[in-house]
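All remarks here apply to the structure that follows.
We're numbering straight along the sequence, starting at 1. Whatever order the structure lists ligands and atoms in, that order sets their numbers, starting from 1.
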Amino acid sequence: MNFAIIGATGNVGRKIIEVLEKSDLEINNLHLVASKKSAGKKLKFRNKEIVIEQLEKYDFSNSEITIFAAGSEIAEKWVPEASKKTIVIDNSKYFRMDKDVPLVVAEVNAEDLKKHKNIIANPNCSTIQLMLALKPLHDKFTIKRVIVSTYQAVSGAGKDPLDELFSQTRDYLDDKKINSKNFTKQIAFNLIPHIDSFVEDGYTKEEWKMENETKKILDNNIKLSATCVRVPIKTSHSESVNIEFEKDYDLALVKKILANAPGCKVVDEHNDGGYVTPLEAEGSNLTFISRIRKDNSNKRAINIWVVSDNLLKGAALNSVQIAECLLGKFKV
Ligand code: NAP
């Protein structure tokens with residue numbers, strides 16, 4: 001197989017290279033594509049140096065599978081043309097709610113890939129990790145409503161915002177003037193309850209994405225309300241999740257189901273340090289579930305804490321796993 005990555009120099013693109021490097025996929029040629037600014041530079045893949053190509057000059061028929069990680073505007077402009085020549089797996093939000101485009105989490109709804117017409121969308125990072133925890137619980141107890149608050153890492157916004165976190169942190173400690181270019185307010189030593197743009201009802205598009213993507217992937221009947229917050233850490237998104245079921249549940253069975261959830265690991269010791277933090281999740285392919293407990297205000301609800309590396313399962317890993325599903329190589 002030949003693969004291509006559009007946006008290969010970005011946070012997600014570079015992670016896709018790492019994930020492909022470790023995967024069992026047989027890759028004859030990997031094409032790395034980015035903007036004019038990066039064209040001609042080199043990146044390493046399996047001990048070979050690959051020259052980065054410029055998107056405008058790239059021939060999409062070079063590869064059977066092309067993973068886009070270059071944002072919505074690039075996806076809107078280039079994916080329709082690319083999909084005439086290659087299967088596209090797109091990381092941007094642009095095609096996610098298109099009814100002809102499957103929105104897939106490998107462990108959750110890979111069967112939706114059967115309907116693809118050469119474009120497949122990777123869900124939003126904060127949605128993917130939530131789906132891994134919700135799916136097996138929904139299968140058993142039928143989820144009625146979810147209330148989620150996110151604590152999202154700065155790497156989720158891209159490489160320029162991440163550089164801004166580093167420089168602001170340095171400037172803050174050196175007592176220098178803080179400049180904010182990529183965020184609406186200072187992100188270092190702060191947090192910002194605003195990700196993506198606002199929509200009319202006061203929610204943000206990031207919150208809207210969680211609600212709508214959950215309905216598309218899992219079940220249109222699930223009600224979900226989200227508050228998405230950017231926090232000043234590098235990698236891994238965390239989520240505080242309240243889940244209300246249609247049916248009465250048994251907490252021991254909830255724990256057993258989560259312990260067996262594909263792609264997940266439960267770390268839940270209810271004592272000092274018996275939970276997973278974003279730093280510990282960084283670099284892991286797993287989604288971690290901690291703080292599993294009854295909601296004492298609602299007998300049909302539970303609370304959990306879900307943490308996952310946003311660049312891995314939240315983006316690069318799931319994109320590569322979609323490719324593995326297409327090729328019949330995905331192993332849970
Ligand atoms: P990023 O770090 O800012 O990288 C953007 C990439 O797109 C770079 O490779 C850049 O190339 C390329 N690019 C930008 N403008 C281009 C142009 N005009 N022509 C060709 N290439 C161009 O962004 P990211 O965080 O990797 O995100 C990429 C996509 O994945 C976005 O749609 C994002 O929403 C989505 N996503 C991200 C995450 C996450 O956790 N980061 C999770 C899920 C989904 P140059 O280096 O040459 O400019």
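When K144, K299, K294 are each tested for a salt bridge (Lys or Arg N to Asp or Glu O under 4.0 Å) with E244, only one passes: K144. For the side chain to side chain donor-acceptor pair (under 3.5 Å) with E206, the lone residue among K93, H194, Q152 that qualifies is Q152. Between T127 and the options L224, L134, T214, a side-chain contact (heavy atoms from CB on, under 4.5 Å) holds for only T214.
Ranking the protein heavy atoms by distance from atom 13 (N) of ligand 1 puts A70 CB, 4.2 Å first. For atom 41 (N) of ligand 1, the closest non-hydrogen atom of the protein is S155 O, 3.2 Å. The protein heavy-atom contact nearest to atom 30 (O) of ligand 1 is N91 CB, 3.6 Å. For atom 11 (O) of ligand 1, the closest non-hydrogen atom on the protein side is T9 OG1, 3.1 Å. Annotation: atom 32 (O) of ligand 1 to nearest protein heavy atom, G71 CA, 3.1 Å.
Residue Q54 holds its CD atom at 7.5 Å from OG of S35, rounded to the nearest 0.5 Å. Here the CG-OG distance, from D90 to S72, works out to 7.5 Å after rounding to the nearest 0.5 Å.
The distance from ligand 1 to the heavy atoms of A315 drops below 4.0 Å at these ligand atoms: 42 (C), 43 (C). Near L55, the atoms of ligand 1 lying under 4.0 angstrom from a non-hydrogen atom of the residue are 19 (N), 20 (C). Ligand 1 places these atoms under 4.0 Å from at least one heavy atom of K37: 48 (O). Distances below 4.0 Å separate heavy atoms of L311 from the following atoms of ligand 1: 39 (C), 40 (O), 41 (N). Proximity to A34 (heavy-atom distance under 4.0 Å) selects the following atoms of ligand 1: 11 (O), 20 (C), 21 (N), 47 (O). In the vicinity of G314, heavy-atom distances shorter than 4.0 Å reach the ligand 1 atoms 42 (C), 43 (C). Below 4.0 Å from some heavy atom of S38 lie the following atoms of ligand 1, by number and element: 45 (P), 46 (O), 47 (O). Taking a cut-off of under 4.0 Å to the non-hydrogen atoms of S92, the atoms of ligand 1 that pass are 32 (O).
For E213 and K216, the salt-bridge test fails: no basic side-chain N is under 4.0 Å from an acidic carboxylate O.
Proximity of L218 to K135: side-chain heavy atoms (C-beta onward) are separated by under 4.5 Å at one or more points. Using a 4.5 Å heavy-atom cutoff, the side chains of I6 and W78 are not in contact. Residues I67 and I322 have side chains not in contact (no heavy-atom distance under 4.5 Å, counting atoms from C-beta outward). Looking at I304 and I243, their side chains come closer than 4.5 Å, going by heavy atoms from C-beta outward.
Residue V12 places at least one N or O, backbone or side chain, under 3.5 Å from an N or O of ligand 1. At least one N or O atom of S35 sits closer than 3.5 Å to an N or O atom of ligand 1. The shortest N/O to N/O separation between G7 and ligand 1 falls below 3.5 Å. Geometrically, ligand 1 and G10 share a nitrogen or oxygen pair separated by less than 3.5 Å. Residue contacts with ligand 1: N124 is placed with no nitrogen or oxygen under 3.5 Å of a nitrogen or oxygen of the ligand (distance criterion only). When only interatomic distances are considered, the shortest N/O to N/O separation between N310 and ligand 1 falls below 3.5 Å. Residue K159 places at least one N or O, backbone or side chain, under 3.5 Å from an N or O of ligand 1.
Contact annotation: for A75 versus ligand 1, there are no heavy atoms closer than 4.0 Å. The side chain of I74, and not its backbone, has at least one atom closer than 4.0 Å to an atom of ligand 1 (non-hydrogen atoms only; side chain from C-beta on). At a 4.0 Å heavy-atom cut-off, ligand 1 touches A8 through the backbone alone.
Within the set G158, S72, A69, the minimum heavy-atom distance to atom 28 (C) of ligand 1 is found for A69.
Scored by the ring-ring contact (aromatic ring centres under 6.0 Å, His included) test, F166 finds no partners at all (sequence neighbours excluded). Among residues two or more places apart in sequence or in another chain, the side chain to side chain contact (heavy atoms under 4.5 Å, CB included) test is passed with K85 by D59, F60, S61.
A distance below 6.0 Å separates the ring centres of Y151 and W305.
A side-chain donor from one of N318 and K313 sits under 3.5 Å from a side-chain acceptor of the other.
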